[in-house]
Amino acid sequence: MSERIQDILSRWQASIGLEVHVELTSLETKLLCGCTLSRNAEPNTHVCPVCLGLPGALPVANREAVLAVARTGLALGCAVERRSTFWRKHYFYPDMAKNFQTTQGPVAICMGGSVEVELDAETARERPDAPTLRPAPDGGYVTRIRIRRIHLEEDAAKMVHVGGAEGRIAGATHSLIDYNRAGTPLMELVCEPDLRTPAEARRLVEHLRQTLLALGVSDCSLEAGSLRVDANVSLARAHAPELGTKCEMKNLNSLKSLHDALAFEVRRQAALLDAGKAVRQQTRHWEPTSRRTIALRTKEAFDDYRLFPDPDLPPILISDDVVERLRASLPELPAEKSARYVSQLGLRRREARMIAADPALASLFEAALAVTPETPATPEAPATPARDLATTVANVIVNLRPAHGCLAAAQVRSIAQLLHDEALTFAQARDVIDAVAPTGEDPARYVDAHGLRQNSDREELASVVDDVLARSEDQVAQYRAGNTKVVGHLIGQCMREAGAAGNPKLFSALLRERLDAQGA
Ligand code: ADP
Ligand code: ZN
Ligand code: MG
């Protein structure tokens, strides 16, 4: 039985630092040339002398890519450098025809930000010092993770190794190179090693992902590789003056892999240190099938990339005006959005957070609230109070997603109104949604056309209940004698009398009200 992470972490403090690569999928062209970005094109059809690295070809930096990085930095509390430069990072591999990657040097477009990450109570439990953190509104804690820098760089070409196992180079008969991906703009966020648990690392990636989605700079798909995470981890005694020796795991392509690889490393390093051995600084590879990390290479000395400023690219200059314009253009971020949903619209935290985290859900939610109902409010049928409606709309969006297709804002609004009026049960609403999602039909019309509307008119149902009770002396007597099971039978009677459209829950409530009053 392996030791629990939280027990290991009461002995050893983990320091985890992530490097997150984000493909700027919102852009149309590559970083240094005019080739269009296209994921699914025939190999080597979106190439030119610049991204093929032909001698003499001159690069020109993509302005939109620079702005996307600066905007991201502002959203993450970074300072935008008014002047930064591109550098050359040299290495030899066929995926980089120039033999150097264009990246940035010590000064990146964005420097020194931080994000606040909320840890739920369960996540916080793994952290012995959680009680010293700022408490979060719903029982967890808030921790601040510093961002060291965000820079802009280019992606390499894609290599496919053919003939070996799982596309690995070992055992392959040959390799193919697709330069369509060469020169794709990547944004790299480097975080300080402020994370303390594997679960926290996962929360940070979720947080960053949601922020980048709200900014619209990338589709942030871990599976498709538009968001890639390298994780560094080391262990040391709490309050030790220096961090321990770290290991790095590259290209973790799911949140689960990130978490599990870090958890494995924490255990592996703790076992070494507990046995009085040293951790060697290594790049390790997470193997999801065997659920362990294996050493790829050991860093004995500095990698020599011969970094120097690129003489072919002028400095990146960003004026105060541009920074202010970008700042003003920032959208409401998920954390702010969910706080507003809770305070202004009365949503529960869970629903608020789920909706705010996903721009598509958030815009559906807000559009549904903004829909003008078809029948205007009257004194007899007053408009549903905004907070009630918001809660029901949120409930529909979070808990009643259609199996196929999606709902239009007006449909969501209509379903919410039906639920609010108790004209539909939750279970019926699910069926109605599955029926109208693919066709776009109005749910209220569908409900009426199929005779599904449930009668929840209190007065009408009360008179049915009174009729039924008046001729059910036997059952009333049995109920008084303590046999509460007769209520089921009485509900059935009411349903029959009301033509099956009566709201059974309301019938049940009305029946009990009267029976208990009589019994008193
Ligand atoms: P390197 O020079 O090996 O690339 P950096 O200082 O550039 O290391 O940091 C790379 C990443 O590793 C950053 O995300 C940083 O937070 C993390 N990191 C650095 N030192 C440690 C450490 N001792 N333990 C865990 N993570 C670390
Ligand atoms: Zn090109
Ligand atoms: Mg580094």
Side-chain angles (χ1 to χ4, degrees), residues 12-21 27-38 41 43-54 57-62 65 89 96-98 102-106 108 111-115 145-151 153-157 178-185 188-198 200-201 204-205 208 228-237 240-250 252 258 261-262 265-266 269-270 273 278-284 297-305 307:
W12 296 104
Q13 184 183 73
S15 295
I16 299 170
L18 303 183
E19 295 163 286
V20 181
H21 291 87
L27 300 181
E28 276 164 20
T29 54
K30 293 187 180 181
L31 182 60
L32 302 170
C33 60
C35 290
T36 46
L37 293 168
S38 87
N44 298 309
T45 52
H46 293 261
V47 292
C48 74
V50 172
C51 55
L52 287 174
L54 302 188
L58 281 177
V60 177
N62 182 336
K89 180 178 177 178
M96 186 53 80
K98 299 186 290 187
T102 301
T103 178
Q104 293 203 266
M111 303 292 292
S114 71
V115 287
I145 309 299
R146 289 168 301 155
I147 294 174
R148 185 182 295 172
R149 54 186 272 142
I150 311 177
H151 68 251
E153 63 184 31
E154 64 177 329
D155 205 351
D178 178 6
Y179 285 101
N180 284 351
R181 200 179 70 183
T184 295
E188 180 175 344
L189 295 94
V190 182
C191 306
E192 296 294 347
D194 294 342
L195 296 159
R196 294 285 171 263
T197 71
E200 250 172 77
L204 175 64
V205 174
L208 290 174
R228 294 168 235 164
V229 182
D230 300 344
N232 300 268
V233 53
S234 66
L235 299 186
R237 294 287 180 200
E242 280 176 13
L243 299 182
T245 304
K246 71 176 160 95
C247 286
E248 176 175 18
M249 286 156 294
K250 288 199 178 286
L252 297 161
L258 170 69
L262 282 169
E265 266 306 293
V266 167
Q269 294 183 16
L273 296 172
V279 172
R280 300 216 299 163
Q281 185 168 343
Q282 285 172 329
T283 302
R284 300 180 67 89
R297 60 194 169 94
T298 301
K299 263 193 188 173
E300 301 292 1
F302 285 110
D303 292 322
D304 190 357
Y305 291 120
L307 279 151

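Counting convention: from 1, in listed order, for ligands and their atoms alike. Atoms considered below: every heavy atom in the structure, side chains included; atoms not considered: hydrogens, waters and symmetry mates.
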List ligand 1 atoms under 4.0 Å from [X], heavy atoms only on the residue side.
{"X": "S15", "answer": "24 (N), 25 (C)"}
{"X": "V190", "answer": "13 (C), 14 (O)"}
{"X": "G244", "answer": "23 (N)"}
{"X": "R148", "answer": "5 (P), 6 (O), 7 (O), 9 (O), 15 (C)"}
{"X": "E192", "answer": "16 (O)"}
{"X": "L243", "answer": "22 (C), 23 (N)"}
{"X": "G17", "answer": "14 (O), 16 (O), 26 (N)"}

Closest non-hydrogen atom pair, A201 against I16: CB-CG2, 4.3 Å

In degrees, rounded to 10 degrees, what angle do C33 atom SG and C51 atom SG make at the Zn ion (ligand 2)? 110°

In terms of its nearest heavy atom to atom 4 (O) of ligand 1, the top option of K246, E248, Q281 is K246

Answer side chain, backbone, both or neither: which part of L18 comes under 4.0 Å from ligand 1, heavy atoms only. backbone

What residue among V20, L252, D155 forms side chain to side chain contact (heavy atoms under 4.5 Å, CB included) with R228? D155

